[in-house]
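In this chain, residues are counted from 1 in sequence order. Given the structure is predicted, the values throughout are model-derived calculations rather than measurements.
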Amino acid sequence: MGERMDSATEAFVAHRNLLFTVAYEMLGSAADAEDVLQETWLRWAGVDLETVRDQRAYLVRITTRQALNRMRTLGRRKESYVGPWLPEPLLTAPDVAEDVELADSVSMAMLLVLETLAPTERAVFVLREVFDLGYDEIAEAVDKSPAAVRQIAHRARAHVSARRPRGVVSPAESQAAFGAFQRAVETGDLQSLLDILAPDVVVMSDGGGVKQAVPRPVVGADKVARLLGAGLGKVGAQMSVEPAQVNGSPALIVRLNGELDGVMALRIDNGLIAGLYYVRNPDKLSRLMQETTVSR
């Protein structure tokens, strides 16, 4: 019995970062992804390992099913959420940005696009496009036929590509745009800020009804510059910003009087800032203290 548990534990630990990433990309919440992992472990601990041909695939299947169950609960929770909902931000290691596809898949912008998919579509898209699972494996995870999964994957891919950020941006391009944005924020130079904002830039903020946030998305460089300009005067006095990698992309961690106030994640498109996502909800900031490992 002890030996069997050791083997089960070993397999679970070996794939834990992958399973967390699957659950997080399906849910947009690290706290819920951790709960899903606990449920996955409880089920995995009861499995007869002799009957398991591919441990990774089997674990992904359990995680996917648990995440789908949780998505139904989350859907109800989001309906009563106060103000715009943003994914829970993760402090990620610098090397995540080097895996361009992984960084893209966990980015705030992509997670918001995935929010517009139905639960099964989201599961199929994540397992196929991000983790490159075969249709047969995905079919077992979502209880559909392989033919149905192909159709769902096709539909989800079309849906995502119509809404996803336009191009993959190189880390160097991201860093240049981010550096210019940070300087504009720190100096309060409104013209420099306007120069780096895309014409259709969008700002969303999530205070969870606890902290002040913009009640609906603000779109357009002029409006966004004015909105940011109102807060820039505080930088240096009570407010400080520091660069970080959040969800595989450049971000600013914002502190007020030394206390963590929130994180501003950026979406960069063609060398310009196309999206700003400011998470202030205190319940969503616990993952900014230490790095979370995401993997494929």
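Heavy-atom neighbours of K78 NZ from other residues, nucleotides or ligands within 6.0 Å: above the threshold of 12. Heavy atoms from other residues, nucleotides or ligands lying under 6.0 Å from CD of E242 number more than 12. Residue E101 qualifies as open at atom CD: its count of foreign heavy atoms under 6.0 Å is 12 or below.
Of all the heavy atoms in A141 and L127, the pair that sits closest is CB-CD1, 4.2 Å. What you find for Q245 and P94 is that their closest heavy atoms are CG-CA, 4.2 Å. The minimum heavy-atom distance linking V201 with I273 is given by the pair CG2-O, 3.4 Å. Scanning both residues, R77 and D32, for their nearest heavy atoms gives NH2-OD1, 3.1 Å. The nearest pair of heavy atoms linking A11 to Q55 is CB-OE1, 3.2 Å. Of all non-hydrogen atoms in G248 and V96, the two that sit nearest each other are CA-CG1, 3.9 Å.
With hydrogens and angles ignored, the 3.5 Å screen pairs no side-chain donor or acceptor of R163 with any backbone N or O of V113. Formation of a donor-acceptor pair under 3.5 Å by the E88 side chain with backbone atoms of A30 is found in this model. Proximity of a side-chain donor or acceptor of S105 to a complementary backbone N or O of V130 within less than 3.5 Å is not detected. Panel note: side chain R128, backbone L133; a donor-acceptor pair is recorded below 3.5 Å. Checked by atom type and distance alone, the side chain of D54 pairs as donor or acceptor with a backbone atom of R56 at under 3.5 Å. Between the side chain of N281 and the backbone N or O of D283, at least one donor-acceptor pair lies under 3.5 Å.
Counting heavy atoms from C-beta on, the side chains of R267 and Y277 come closer than 4.5 Å. Using a 4.5 Å heavy-atom cutoff, the side chains of R255 and I253 are in contact. Considering only heavy atoms from C-beta on, V263 stays 4.5 Å or farther from L252 through its side chain. Inter-residue side-chain proximity for P87 and L112 is flagged as met; some heavy-atom pair is nearer than 4.5 Å. Using a 4.5 Å cut-off on side-chain heavy atoms (C-beta onward), E34 and Y24 make no contact. Using a 4.5 Å cut-off on side-chain heavy atoms (C-beta onward), L276 and V202 make no contact. The side-chain heavy atoms of M108 and V279, taken from C-beta on, include a pair separated by under 4.5 Å. The shortest distance between side-chain heavy atoms of R183 and S192 does not fall below 4.5 Å.
Interatomic distance, OG1 of T292 versus CG of N17, reported as 9.5 Å (0.5 Å rounding). Atom OG1 of residue T21 and atom CG of residue L102 lie 6.5 Å apart, to the nearest 0.5 angstrom. Of the inter-residue distances, the one linking R70 atom CZ with E39 atom CD reads 5.0 Å to the nearest 0.5 angstrom. Note: T120 OG1 to K144 NZ = 5.5 Å, rounded to the nearest 0.5 Å. Going from atom CG of L193 over to atom CG of L228 covers 5.5 Å, rounded to the nearest 0.5 Å. The distance from the OG1 atom of T64 to the CE atom of M71 is 10.0 Å, given to the nearest 0.5 Å.
The aromatic ring centres of W41 and F12 sit less than 6.0 Å apart.
Using a 4.0 Å cut-off between charged side-chain N and carboxylate O, R61 and E137 make no salt bridge. In summary, D261 and K211 engage in a salt bridge, as defined by a charged side-chain N under 4.0 Å from a carboxylate O. Under a 4.0 Å N-O distance rule, the pair R280/D206 does not qualify as a salt bridge.
Under the 4.5 Å side-chain heavy-atom criterion for Ile, Leu, Val, Met, Phe, Trp and Tyr, L91 and V254 are members of distinct hydrophobic clusters. Note on Y58 and V22: same hydrophobic cluster, where clusters join Ile, Leu, Val, Met, Phe, Trp and Tyr whose side-chain heavy atoms are under 4.5 Å apart, directly or indirectly. When hydrophobic clusters are built by joining Ile, Leu, Val, Met, Phe, Trp and Tyr residues whose side-chain heavy atoms come closer than 4.5 Å, directly or via intermediates, L68 is grouped together with L117. L86 and L266 fall into different hydrophobic clusters, where Ile, Leu, Val, Met, Phe, Trp and Tyr are joined by side-chain heavy atoms under 4.5 Å apart, directly or via other members. By the rule that hydrophobic residues join a cluster once side-chain heavy atoms approach within less than 4.5 Å of another member, L59 and V124 end up as members of one cluster.
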- Go through the steps for K223 and L227 under the test side-chain contact (heavy atoms from CB on, under 4.5 Å), then give the verdict. CA-CA 6 Å; K223 285 183 187 170; L227 176 70; over 6 Å; no

- Task: Kindly determine whether D143 and R65 satisfy salt bridge (charged side-chain N to carboxylate O under 4.0 Å, His left out), including the steps that lead there.
- Result: CA-CA 9 Å; D143 287 327; R65 287 181 176 173; 3.0 Å; yes

- Item | Audit row: F20, L37, side-chain contact (heavy atoms from CB on, under 4.5 Å) steps and yes/no | CA-CA 7 Å; F20 173 83; L37 255 58; 3.9 Å; yes

- Full working for side-chain contact (heavy atoms from CB on, under 4.5 Å) between F181 and M264: CA-CA 11 Å; F181 177 75; M264 191 178 285; 3.9 Å; yes

- Task: For side-chain contact (heavy atoms from CB on, under 4.5 Å), just list the numbers for V142 and V149, CA-CA rounded to whole Å, side-chain angles, deciding distance to a tenth of an Å, and then say yes or no.
- Result: CA-CA 8 Å; V142 299; V149 165; 3.9 Å; yes

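The cationic group of R157 does not satisfy the cation-pi geometry with F125, failing either the under 6.0 Å distance to the six-membered ring centre or the 45° limit from the ring axis.
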